[in-house]
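Proteins get letters first, then strands, A, B, ... in listed order; numbering begins at 1 in each. Predicted model, so just to flag it, every value in this text is computed and none were measured.
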Protein chains: 2
Amino acid sequence: MSAKKLLLIDDDLELTELLKEYLTPQGYELDVAHDGEAGLSLATSHKHYDLILLDVMLPKLDGFEVLKKLRTSHLTPVLMLTAKGDDYDKIFGLEMGADDYLAKPFNHRELSARIKALVRRMALLPSSSVQQNLKLGNVELSPPAQQVFCANNLVELTATEYSILHLLMINHGSLVSKQNISEKVLGKKLAAFDRSIDMHVSNLRKKLAAFSPEEKIKTHRGAGYLYLVST
Amino acid sequence: MSAKKLLLIDDDLELTELLKEYLTPQGYELDVAHDGEAGLSLATSHKHYDLILLDVMLPKLDGFEVLKKLRTSHLTPVLMLTAKGDDYDKIFGLEMGADDYLAKPFNHRELSARIKALVRRMALLPSSSVQQNLKLGNVELSPPAQQVFCANNLVELTATEYSILHLLMINHGSLVSKQNISEKVLGKKLAAFDRSIDMHVSNLRKKLAAFSPEEKIKTHRGAGYLYLVST
DNA sequence: AGGGAGTGTAAAGCTTGTGTAAATGTATCG
DNA sequence: CGATACATTTACACAAGCTTTACACTCCCT
């Protein structure tokens with residue numbers, strides 16, 4: 001059994017340090033983000049996490065917002081942590097799609113036990129199923145099968161094309177730079193005069209256009225690409 | 001979505017009555033057992049439960065014992081309830097294989113939210129992992145005998161071929177990576193340039209094709225294999 | 001309007017994954 | 001100790017698809 005990867009999103013430096021020291025020897029790999037945006041970005045990157053520990057009070061984007069956005073594309077299990085122990089918060093978090101909820105201050109062993117319980121349960125799921133189906137307009141994306149439907153037709157995409165579309169759809173309505181696409185999809189920095197991203201986008205457009213005429217991927221000259229929101 | 005079936009094991013008549021009235025209108029079917037033995041017997045019966053709510057203090061067989069015995073044969077999710085709020089108990093329960101732990105007295109809405117969270121998570125399990133005989137299209141798989149029928153003809157498969165087919169069929173409609181196949185079927189990490197999975201898949205296709213022409217196992221270049229859903 | 005930088009896309013080239021046959025290894029059983 | 005059955009490795013041809021090249025075009029700035 002390979003080491004389980006956890007993502008801890010919490011701005012309390014003392015706590016994150018402590019937890020890192022506590023959890024690492026137990027055989028977990030722990031990544032840490034100190035604000036909501038960084039956390040969300042890591043959580044939705046192509047790196048796979050088995051569990052996310054999410055604080056509620058966070059700079060930039062609070063825990064509930066992170067959870068909400070995460071759940072539009074990913075089903076990664078989430079254990080929420082909060083200073084506020086009040087029931088309403090707990091219930092709200094769970095209703096929003098969290099898997100567990102623990103109030104600070106917590107017993108480290110209880111946290112450890114709850115992490116173990118969640119990871120144990122998740123191990124029964126095929127890892128591919130942590131990604132949510134994504135539907136925007138008439139384009140539907142099914143991560144477990146890595147399939148895309150456009151106007152209910154199966155569109156045959158290559159792995160790279162699929163990844164790019166997925167990335168753009170996750171960030172629909174906001175701009176994604178070529179650098180970003182290159183790093184997240186191809187795993188390498190974008191070289192100068194590198195046209196491969198353009199090529200993939202071009203092919204993607206062509207394939208989608210075969211089923212649906214309206215333009216879905218917009219170019220922002222000098223900046224990147226943008227998946228148009230079309231409710 | 002059919003009604004979720006819950007099993008409540010608790011000797012507190014007042015509480016069980018209350019919970020029944022509270023949970024039934026929320027769309028759950030609730031069975032109740034008032035002692036450990038009866039609970040275990042129901043839990044291990046052929047009736048399928050989506051979730052078990054298990055009190056710790058029970059006549060005849062206490063909650064931990066019930067959990068321990070249940071886990072020898074069943075992976076049904078368990079939410080433990082207890083009057084004792086102490087951490088040690090919680091940790092002990094979770095370590096023993098419980099999925100969640102809630103101390104009495106609890107907020108009904110929190111219980112409801114935690115039930116919902118667990119049920120929601122469980123719904124992601126591949127549908128067929130519960131059922132015994134897998135039949136998809138004209139291919140039927142009978143695990144006890146390790147036999148496969150295709151268009152009602154017995155297909156002679158080797159153990160490995162059978163395992164691969166089984167894995168793909170359980171995850172039908174989702175992509176299964178070669179790494180995954182290698183780890184789950186052969187019990188070892190996929191080495192670079194290892195072609196053995198390809199071999200088995202090739203043989204599997206050949207054997208199935210002898211009885212049924214249509215393609216069932218699709219290759220996703222660079223990603224893995226996918227068993228096509230055929231209603 | 002002119003020019004440069006950024007972009008769309010076709011076509012060619014090249015890398016890499018895949019299908020399959022055959023050879024080699026390995027376990028089981030009489 | 002063979003004989004058999006199966007798993008694995010090797011080898012090679014092939015095809016998919018990623019990348020590069022090339023060139024036309026568009027946008028934007030001056």
Problem - Residue-level proximity of residues 163-186 of chain A to DNA chain C when a heavy atom falls under 4.0 Å - result: A:Lys178
Decide, yes or no, whether a salt bridge links [X] with [Y] under the criterion of side-chain N to carboxylate O below 4.0 Å.
X        : Y        : result
A:Asp99  : B:Arg121 : yes
B:Lys188 : B:Glu183 : no
A:Lys116 : B:Glu95  : yes
B:Lys178 : B:Asp194 : no

Using OP1 and OP2 only, check whether a side-chain N or O of [X] sits under 4.0 Å from [N].
X        : N      : result
A:Lys207 : D:dG17 : no
A:Tyr225 : C:dG8  : yes
B:Ser202 : C:dT18 : no
A:Thr158 : D:dC18 : yes
B:His200 : D:dT8  : yes
B:Lys206 : C:dA21 : yes

Fill in the blank from the handout: Contacts of B:Thr160 and A:Phe193 projected onto DNA chain D by closest heavy atom; the upstream (5') one is B:Thr160
Practice task
Let me know, please, whether A:Ser196 or A:Leu157 comes out on the 5' side of the other along DNA chain D by nearest nucleotide.
Solution key: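 Nearest nucleotide further toward 5': that of A:Leu157.
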How close or far is atom [atom2] of [N] from atom [atom1] of [X], stated in whole angstroms?
X        : N      : atom1 : atom2 : answer
B:Leu208 : C:dG19 : CG    : P     : 15 Å
B:Ile217 : C:dT18 : CD1   : P     : 14 Å
A:Asp198 : D:dC27 : CG    : C1'   : 15 Å
B:His220 : D:dA16 : NE2   : C1'   : 13 Å
A:Ile197 : C:dT7  : CD1   : C1'   : 14 Å
B:Leu204 : C:dT20 : CG    : C1'   : 15 Å
B:Arg205 : C:dG19 : CZ    : C1'   : 8 Å
B:Asn203 : C:dG19 : CG    : P     : 12 Å

Practice task
Indicate, yes or no, whether a donor-acceptor pair under 3.5 Å links the base of C:dG19 to the side chain of B:Arg195.
Solution key: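 Indeed there is one.
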I'd like to know if the side chain of [X] and the backbone of [Y] have a donor-acceptor N/O pair within less than 3.5 Å.
X        : Y        : value
A:Asp62  : A:Glu65  : yes
A:Asn171 : A:Val176 : no
B:Ser202 : B:Asp198 : no

Practice task
Scan A:Asp194 against the nucleic acid and name what it touches under 4.0 Å (heavy atoms): base, sugar-phosphate only, or nothing.
Solution key: sugar-phosphate
Exercise for the section: For B:Arg221 and for A:Met199, locate the closest nucleotide of DNA chain C by heavy-atom distance; then report the residue assigned to the nucleotide nearer the 5' terminus. Expected result: A:Met199
Exercise for the section: Using a cut-off of 6.0 Å, state whether more than 12 heavy atoms not belonging to B:Glu156 lie near its atom CD. Expected result: no
